[in-house]
Engineer: 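Have a look at this one.
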Amino acid sequence: MSAQEYAAHYFALQDVLHYLGVAVVGALTCLFTILLTAKITARGETRLDKRWDFYERAINMEQRFDEMIFSATSILSFLAVYYLIDRFAVDPAFRSFWDRWSDFILLGMIIISCVVNNYFDVMLIPLKKITREEKGSVRLIGMFYIMIIFLYIKFIYENDNYDGFIMYFLGLIIGRFAYFDASFRESLHTIHNGAKNIPFLILGLIYTAFMCIYGFSTDYLLISNGVLVSTFIAHLFMVVAIFIVHHSHLIYLFVRKPKQPPV
C-alpha cells in the first residue's frame, strides 16, 4: 500500500469514530477498575477519614495510570517514526547518512520523547495529584511496559525487526536502576517505588491488548505497516479516549471530595 492508501484507510471517518468508541469503552473500564480498587483499599479510622482517603487515592491512581499511558505513547511515537524512516528511506544519500547515524538518532528520539511526555502532562491532563517521585517511578514502569510489548512482538509474532529497540530499552532500564554513584539502598528504593505501579502496568497491558486484538481482528490496524506502528496508532486512540473520559468529569459522579478534610 502507498502512503495515500494508508492515510485513506486510517482516516475513514466511520472507522475512526468506531475505533475511538471502543477506546473510550476501554478507558471507562480502566477507570472503574481503578475506582473499585481505591474503594477496597481505602483506609481510615472514621468514616470521614475513609472517604477522604478514597478521594485522594482514586485521583492519584487515575493520574498515575494516565501518566504511564502518556509515557508509553510518547516513546512509541518516536520509535514508530524511526521504524518508518528506516523501512522506507530509499534515497542513496540519505540512506548512507541514516545507516551511519541511526543509532544516535534513535537515542535522540528517545530523549525528545521524554520532553514530549512533559507536555502531555500539562496540555492534555494536568497531573497535579502525583509527586515528582511518583511520576518518575511510573515512567520507569512505562519502560517495562514498552519492553513487554517488544518481547511480545518478538516471541509471539516471531518478528525480529525490533531487536535493536529491545537492547536500547534493556540498557535504559539497567541504567535507571544502576546509575552512576547510586548506592545499593538507592537502587532498592527505586525498585520499591516502581513495584507500587505494577498493577497499572498490568491494567495498561490489558487495555493495549484489547485495543490491538480488536483493531487487527477488524482490519483497522494493519500488520503490513508494522506491528509497532499499529500499536502506536492504538495508543493514540487510547490517549484521546483518556482525554475525553477525564474532561467529561465522569469520575466526580463516583468520587466526591469531602466538604472538610480529616482532623
Side-chain angles (χ1 to χ4, degrees), residues 1 3-37 61-62 64-81 83-84 87 120 124-125 138 141-159 161-162 165-166 197-248 250-251:
M1 294 177 65
Q4 291 79 8
E5 289 173 325
Y6 276 124
H9 173 81
Y10 284 120
F11 288 101
L13 182 59
Q14 183 176 353
D15 292 339
V16 168
L17 293 177
H18 187 193
Y19 198 50
L20 179 59
V22 172
V24 169
V25 171
L28 287 171
T29 302
C30 291
L31 175 61
F32 289 132
T33 301
I34 289 170
L35 294 182
L36 179 61
T37 304
M61 290 173 67
E62 180 212 13
R64 278 193 284 162
F65 177 77
D66 293 349
E67 171 64 20
M68 190 192 68
I69 298 298
F70 292 166
S71 175
T73 304
S74 63
I75 294 172
L76 282 171
S77 65
F78 286 94
L79 294 181
V81 170
Y83 171 79
L84 290 173
R87 178 179 174 182
F120 277 0
L124 292 180
I125 299 176
V138 170
I141 288 297
M143 291 185 181
F144 279 102
Y145 179 95
I146 297 294
M147 176 66 83
I148 291 172
I149 290 175
F150 281 140
L151 292 176
Y152 180 86
I153 293 173
K154 178 176 176 63
F155 293 108
I156 303 300
Y157 280 93
E158 298 183 351
N159 187 327
N161 291 335
Y162 308 115
F165 292 159
I166 292 175
N197 299 292
I198 289 178
F200 303 117
L201 171 67
I202 297 171
L203 186 61
L205 289 172
I206 292 173
Y207 188 15
T208 299
F210 168 70
M211 290 297 295
C212 288
I213 291 172
Y214 186 86
F216 287 127
S217 66
T218 58
D219 292 327
Y220 181 72
L221 298 181
L222 302 173
I223 297 178
S224 60
N225 68 341
V227 179
L228 174 63
V229 175
S230 294
T231 304
F232 165 63
I233 292 171
H235 276 76
L236 281 181
F237 280 88
M238 290 161 64
V239 167
V240 174
I242 288 172
F243 176 84
I244 292 172
V245 170
H246 175 84
H247 288 285
S248 70
L250 181 64
I251 187 174

Engineer: Quick one about Tyr145 and Ser71 (side-chain donor to acceptor, distance below 3.5 Å, no hydrogens or angles considered), yes or no?
Structural biologist: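 There is no such pair between these side chains.
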Engineer: Give me the atom names and distance for the closest heavy-atom approach of Phe216 to Ser230.
Structural biologist: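 Closest approach of Phe216 to Ser230: CZ-CB, 3.6 Å.
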Engineer: Hey, what do you get for OH (Tyr6) to CD1 (Ile233), rounding to the nearest 0.5 Å?
Structural biologist: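 Result: 9.5 Å between the selected atoms.
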Engineer: Hey, what do you get for SG (Cys212) to CD1 (Ile153), rounding to the nearest 0.5 Å?
Structural biologist: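 These two atoms lie 8.0 Å from each other.
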Engineer: To the nearest 0.5 Å, what is the distance between CG (Leu203) and OG1 (Thr208)?
Structural biologist: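 The CG atom of Leu203 sits 9.5 Å away from the OG1 atom of Thr208.
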Engineer: Look up atom NE2 in His235 and atom CE in Met238, then write down how far apart they are to the nearest 0.5 Å.
Structural biologist: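 Separation between the atoms: 4.0 Å.
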Engineer: Has the side chain of Ser77 got a donor or acceptor atom that lies under 3.5 Å from a matching backbone atom of Ser74?
Structural biologist: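 Answer holds: yes.
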Engineer: About how many Å separate CD1 of Ile146 and CD1 of Ile141, when rounded to the nearest 0.5 Å?
Structural biologist: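 One gets 12.5 Å once the value is rounded to the nearest 0.5 Å.
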Engineer: For Leu250 and Leu28: C-alpha separation, side-chain torsions, deciding distance, then whether side-chain contact (heavy atoms from CB on, under 4.5 Å) applies.
Structural biologist: CA-CA 9 Å; Leu250 181 64; Leu28 287 171; 3.3 Å; yes
Engineer: Looking only at heavy atoms, what is the nearest atom pair of Val138 and Glu67, with distance?
Structural biologist: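 Smallest interatomic distance, heavy atoms only, reads CG1-CG, 3.6 Å.
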Engineer: Identify which one of Tyr19, Phe11, Tyr214 satisfies the ring-ring contact (aromatic ring centres under 6.0 Å, His included) criterion when paired with Tyr220.
Structural biologist: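 In the set Tyr19, Phe11, Tyr214, the residue that makes a ring-ring contact (aromatic ring centres under 6.0 Å, His included) with Tyr220 is Tyr19.
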Engineer: Tell me if a side-chain donor or acceptor on His247 pairs with a main-chain N or O of Leu124 at a distance below 3.5 Å.
Structural biologist: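 At least one qualifying donor-acceptor pair exists.
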Engineer: Check step by step if side-chain contact (heavy atoms from CB on, under 4.5 Å) holds for Phe237 and Val240.
Structural biologist: CA-CA 5 Å; Phe237 280 88; Val240 174; 5.7 Å; no
Engineer: Any heavy-atom pair between the side chains of Leu201 and Asn197 that's under 4.5 Å?
Structural biologist: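 Not touching, per the 4.5 Å side-chain cut-off.
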Engineer: Given the rule in the side-chain contact (heavy atoms from CB on, under 4.5 Å) test, do Ile125 and Phe70 qualify, once you have shown the distances and angles that lead to the verdict?
Structural biologist: CA-CA 10 Å; Ile125 299 176; Phe70 292 166; 3.8 Å; yes
Engineer: Quick one: pull up CG in Asp66 and CZ in Phe200 and give me the separation to the nearest 0.5 Å.
Structural biologist: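 Between Asp66 CG and Phe200 CZ, I get 10.0 Å after rounding to 0.5 Å.
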Engineer: Please examine the side chains of Val229 and Tyr83, heavy atoms only from C-beta on, and report whether any two atoms are closer than 4.5 Å.
Structural biologist: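 Yes, at least one pair of side-chain atoms sits under 4.5 Å.
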Engineer: Anything under 30° is parallel, anything over 60° is perpendicular, the rest tilted; go ahead and classify Tyr207 against Phe65.
Structural biologist: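 Parallel, since the angle between the ring planes stays under 30°.
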Engineer: Check whether any side-chain N or O of Thr231 sits under 3.5 Å from a backbone N or O of Val227 as a donor-acceptor pair, and report yes or no.
Structural biologist: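 Such a contact is found between Thr231 side chain and Val227 backbone.
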Engineer: Leu76 and Phe232: which non-hydrogen atoms are nearest, and at how many Å?
Structural biologist: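 Closest heavy-atom pair between Leu76 and Phe232: C-CD1, 3.9 Å.
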Engineer: Determine the minimum heavy-atom distance between Ile69 and Gly204, stating which atoms define it.
Structural biologist: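 Of all heavy-atom pairs spanning Ile69 and Gly204, the closest is CD1-CA, 4.3 Å.
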